[in-house]
Amino acid sequence: MSKKILAALLLSLATAPALAADAQTRARALHERFPVLDTHLDTPANLARPGWNILDHHHYDEDGTQVDYPRMVEGGLDGGFWVIYTAQGPRTALGNRQARDFGLQRLAQIREMVAANPDKFELATTPEDAARIKAAGKRSVYISIENAYPLSADPSLLTAYYRLGVRMLGLVHTSNNDFADSSTDPKGPEWNGLSPKGRELVAQANRLGIVLDQSHASDAVFDQLIELSRAPIILSHTASHDLNAHPRNLDDARIRKLAAKGGVIQVNSLSGYLIPTNRSPEYSAELRALFAGYGGRQGLKPEQYKEVMAKRRALDAKYGIRQATFDDYMKHILHILDVAGPDHVGLGADWDGGGGVAGLEDVSQLPRITEALLQAGYSEQQIANIWGGNLLRLLKQVQDLADPAALAEL
Ligand SMILES: [Zn+2]
């Protein structure tokens, strides 16, 4: 090797890390310029954990959480939709009443988090709020519902939720309910899409200017929402079916239909939706038994967390379970961007709800996505739209199409 080549080689070795650091710095700096929002933050479920405080810096390895105020600041996440998630339970009068109470309690916890930290968080309800709250140095708290089960006993409660700040509604979770079919109910479709009660709820959401969220619902629900909804719809946390044929994902033909109607798909990072993970019913049963032995995930004490995770890793190894990587997640994002176009895609990574991949374990690492989008050739404006502009445009369209008479009655 000549001295000249050797010198060039040594120089390139020395500058490569510097260039990488530059790209990271540039990506992180972009997060200061526009609202960076995620449409599916399951973090409110942690607000009820004993001793857990949103203002403390937690570590994913230690307690499994992915979002708190210090990590939002670190990763340049300005907020997004904080979710009132209710697990589907019995569809009985008692079950419906318990779900009603649970939903209202979770809503109160989200509002209490904002009220207790007025210098750090602010309730957001309009598209304009995101930039204003960011300029004030605070984080946006938009509120959404995942699973309309709490509305089963009394769908007119949607008006109360609206008045208390809810601006997005997902009809169903992993099993069918009174409003719609789920994409993953082992029993298959019950309504062949939306139920009559579900159709009424869609109309009411349109009247109030609440964004309809199709994530978790069946393809038939997607087709019916596209026809029925007066306003464009969102998929708050959904990945690509053409890359991984999981029923929870959306196929390219439907992604194109969504975009043609002005809708937006926010890409999910949950490992089991991104790649075939090799989960079997036997594995799932053992995993459930593991957590049940500790009184369920929510009952887990911080000091038990490491022990449980070690057992879980052993279980994953025994069954050969695969874990998606950052590259797997970027493949879904870039594919959906190709199919929908950059004006119809955003991010809803399912933080604190099962999302996160190897190399993107919590929100402090979000600039990695921005860096990858820059490398893929997306412009800063396009990236601003992906991180929030598209969502805020959709929110404006939905709110502009609300019925002024319905809002005047509130
Ligand atoms: Zn979900």
Side-chain angles (χ1 to χ4, degrees), residues 37-48 64-67 80-89 99 102-103 106-107 110 142-151 161 166-177 179-186 198 205 210-219 221-222 225 233-241 244 246-250 254-255 258 263-275 277 279 284 287-288 291 296-298 324 329 332-333 336 345-357 360 362-363 391:
L37 305 169
D38 180 288
T39 42
H40 202 78
L41 302 170
D42 271 314
T43 311
N46 292 332
L47 298 175
T65 67
Q66 299 172 306
V67 181
F81 277 83
W82 300 64
V83 182
I84 300 168
Y85 158 66
T86 310
Q88 186 62 49
F102 179 89
R106 194 41 53 81
L107 171 68
I110 297 171
Y142 291 93
I143 306 177
S144 61
I145 290 175
E146 179 176 40
N147 193 5
Y149 184 29
L151 300 172
Y161 274 107
V166 167
R167 291 296 181 272
M168 188 186 289
L169 170 65
L171 296 171
V172 66
H173 195 237
T174 50
S175 48
N176 302 337
N177 66 13
F179 300 100
D181 289 337
S182 169
S183 59
T184 51
D185 193 317
I210 293 177
V211 178
L212 285 158
D213 175 10
Q214 192 274 349
S215 288
H216 283 290
S218 70
D219 285 346
V221 172
F222 175 93
L225 282 177
I233 65 166
I234 201 165
L235 282 78
S236 70
H237 58 309
T238 290
S240 157
H241 190 274
N244 184 37
H246 190 293
R248 177 67 178 76
N249 294 338
L250 196 70
R254 285 189 171 86
I255 291 174
L258 175 79
V264 177
I265 173 167
Q266 309 273 118
V267 187
N268 198 336
S269 73
L270 193 143
S271 194
Y273 301 152
L274 299 180
I275 58 165
T277 50
R279 275 172 176 249
S284 299
L287 189 65
R288 268 197 304 277
F291 281 102
R297 278 172 203 257
Q298 290 305 318
Y329 185 37
H332 279 259
I333 294 173
I336 292 174
V345 182
L347 297 154
D350 221 340
W351 296 118
D352 289 322
V357 289
L360 190 77
D362 68 19
V363 296
L391 163 72

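Just so you know, these numbers use all the heavy atoms, side chains as well, and skip hydrogens, waters and symmetry mates. Index from 1, following the sequence. One-based numbering, in listed order, for ligands and for the atoms of each.
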Fill in the blank from the handout: Residues at least two apart in sequence or cross-chain that pass salt bridge (Lys or Arg N to Asp or Glu O under 4.0 Å) with Asp42, listed by chain then number, are none
Problem - Listed partners of Asp362 passing salt bridge (Lys or Arg N to Asp or Glu O under 4.0 Å), at least two apart - result: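 In terms of salt bridge (Lys or Arg N to Asp or Glu O under 4.0 Å), with neighbours along the sequence ignored, Asp362 is linked to Arg71.
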Handout entry: Side-chain donor-acceptor contact under 3.5 Å, Thr65 with Asn46
Key = no
Problem - Pair Thr238, Ser215: side-chain N/O donor-acceptor within cut-off below 3.5 Å - result: yes
Practice task
Provide the protein N, O or S atoms situated under 2.8 Å from the Zn ion (ligand 1); waters are not included.
Solution key: Glu146 OE2, His216 NE2, His237 NE2
Problem - Residues which pass side chain to side chain contact (heavy atoms under 4.5 Å, CB included) with Ser284, listed by chain and number, not counting sequence neighbours - result: Arg279, Arg288
Handout entry: Asp352 side chain near Leu41 side chain, heavy-atom distance below 4.5 Å
Key =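 Heavy-atom side-chain distance check fails, nothing below 4.5 Å.
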